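Okay, so here's the structure we're looking at.
Side chains included, hydrogens not; waters and symmetry mates left out as well; all remaining heavy atoms used. Throughout, numbering of the chain's residues begins at 1 and tracks the sequence. Just so it is clear, the structure is predicted and the values come from calculations on it, not from any experiment. Whatever order the structure lists them in is the order used to number ligands and atoms, beginning at 1.
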Amino acid sequence: MPRLLERRWYSPRVFEIFLERDTWEFHSGDSTLIVLPDRVTARPYSLSSSPEGPHLGFLIRLLPGGYVSSYLASCELGTELGTTPPIPQLDLGRPGDMIWIATGTGISPFLSALRYRPNQPPLALYYGVRYREDAVEVEYLKGVCNLHLFVSGETAPGWHSGRITPERIPVDPNARYAVCGHGSLARKLTDYLKRHGVRDSNIAAEVFFAS
Ligand SMILES: Cc1cc2nc3c(=O)[nH]c(=O)nc-3n(C[C@H](O)[C@H](O)[C@H](O)COP(=O)(O)OP(=O)(O)OC[C@H]3O[C@@H](n4cnc5c(N)ncnc54)[C@H](O)[C@@H]3O)c2cc1C
């Protein structure tokens with residue numbers, strides 16, 4: 001089973017872990033189940049690393065009282081964790097006509113795609129967090145794509161204030177949309193875009209938890 005090699009904290013709530021590569025290949029936009037050493041407890045996580053990277057990366061929000069996120073936040077480096085073959089969630093293969101929207105650790109698949117092909121950005125990336133320090137790799141993302149960062153819980157100079165709402169996303173019937181993170185935004189945005197003439201087939205969502 002792949003060993004935990006590194007844990008990188010971005011804020012007290014958000015961290016990234018890097019595991020040894022398992023035997024399988026993956027695409028940006030895939031997720032896998034991380035299985036704890038008891039071989040029973042498992043949760044899905046989206047891959048944040050490049051498919052060509054040396055390790056498997058996962059960006060995780062530490063939920064107070066959350067069983068697996070707390071375990072992954074505190075277990076020893078070297079712990080053996082199981083993974084399952086990749087589960088395709090979002091197709092991010094041809095980003096040139098795409099608009100990407102992420103809330104929280106929902107940035108993970110987009111980070112993977114931009115780490116893989118930094119010279120193939122989407123039309124725009126909308127990224128919402130509560131606190132500025134929870135936003136990961138902002139300088140990198142700003143350097144490789146048209147980043148719109150929204151901070152809802154405090155004032156962050158130079159960035160948008162408040163939550164991402166559907167009205168803040170441009171409507172382009174020729175664009176393809178991928179949204180990842182909180183279920184409530186995915187639902188509202190999908191309804192909004194469809195009402196404004198975007199075809200259902202041009203909207204894809206990966207929901208981490210319903211809210
Ligand atoms: C396809 C898929 C991909 C996912 N990818 C990621 C990822 O890349 N990064 C990541 O951090 N999470 C991701 N998740 C969520 C992840 O699988 C776990 O649900 C999450 O880490 C909580 O697990 P836990 O065992 O710590 O909490 P649990 O002990 O299972 O639950 C704690 C409580 O918190 C609620 N909850 C779950 N998630 C959240 C949240 N994000 N914010 C607030 N409350 C929540 C649950 O409904 C539950 O009531 C993904 C989920 C899915 C379905």
Scan the protein's non-hydrogen atoms and note whether one is under 4.0 Å from [atom].
atom	result
atom 47 (O) of ligand 1	no
atom 13 (C) of ligand 1	yes
atom 10 (C) of ligand 1	yes
atom 33 (C) of ligand 1	no
atom 17 (O) of ligand 1	yes

Between ligand 1 and [X], is the shortest N or O to N or O distance under 3.5 Å?
X	result
Glu206	no
Ser46	yes
Pro44	yes
Ser108	no
Tyr45	yes
Phe208	no
Val68	yes

Under 3.5 Å, is there a donor-acceptor pair linking the side chains of Tyr192 and Glu167?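 Tyr192 vs Glu167: no donor-acceptor pair found between side chains.
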Is ligand 1 less than 4.0 angstrom away from at least one heavy atom of Phe58?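 No; Phe58 lies far enough from ligand 1 that no heavy-atom distance drops under 4.0 Å.
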Going by heavy atoms, is Leu72 under 4.0 Å from ligand 1? no
List the closest protein heavy-atom neighbour of atom 38 (N) of ligand 1: residue, atom name, distance to the nearest 0.1 Å.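 So the nearest neighbour among protein heavy atoms is Leu63 CD1, 3.4 Å.
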Return the option from Ser69, Gly57, Gly66 holding the heavy atom at the smallest distance from atom 27 (O) of ligand 1. Gly66
Nearest option to atom 30 (O) of ligand 1, as decided by whichever heavy atom of Arg13, Arg43, Glu16 sits closest: Arg43
Have a look at Leu147 and tell me which of Tyr126, Trp159, Tyr140 forms a side chain to side chain contact (heavy atoms under 4.5 Å, CB included) with it. Trp159
Checking side chain to side chain contact (heavy atoms under 4.5 Å, CB included) between Phe58 and each of Leu81, Thr32, Leu72, which is the one that passes? Thr32
Could you tell me the separation between the CH2 atom of Trp100 and the CG atom of Leu123, rounded to the nearest 0.5 Å?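 If we round to the nearest 0.5 Å, Trp100:CH2 and Leu123:CG are 10.0 Å apart.
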Can you check whether His27's main-chain N or O pairs, donor with acceptor, with Asp30's side chain at less than 3.5 Å? yes
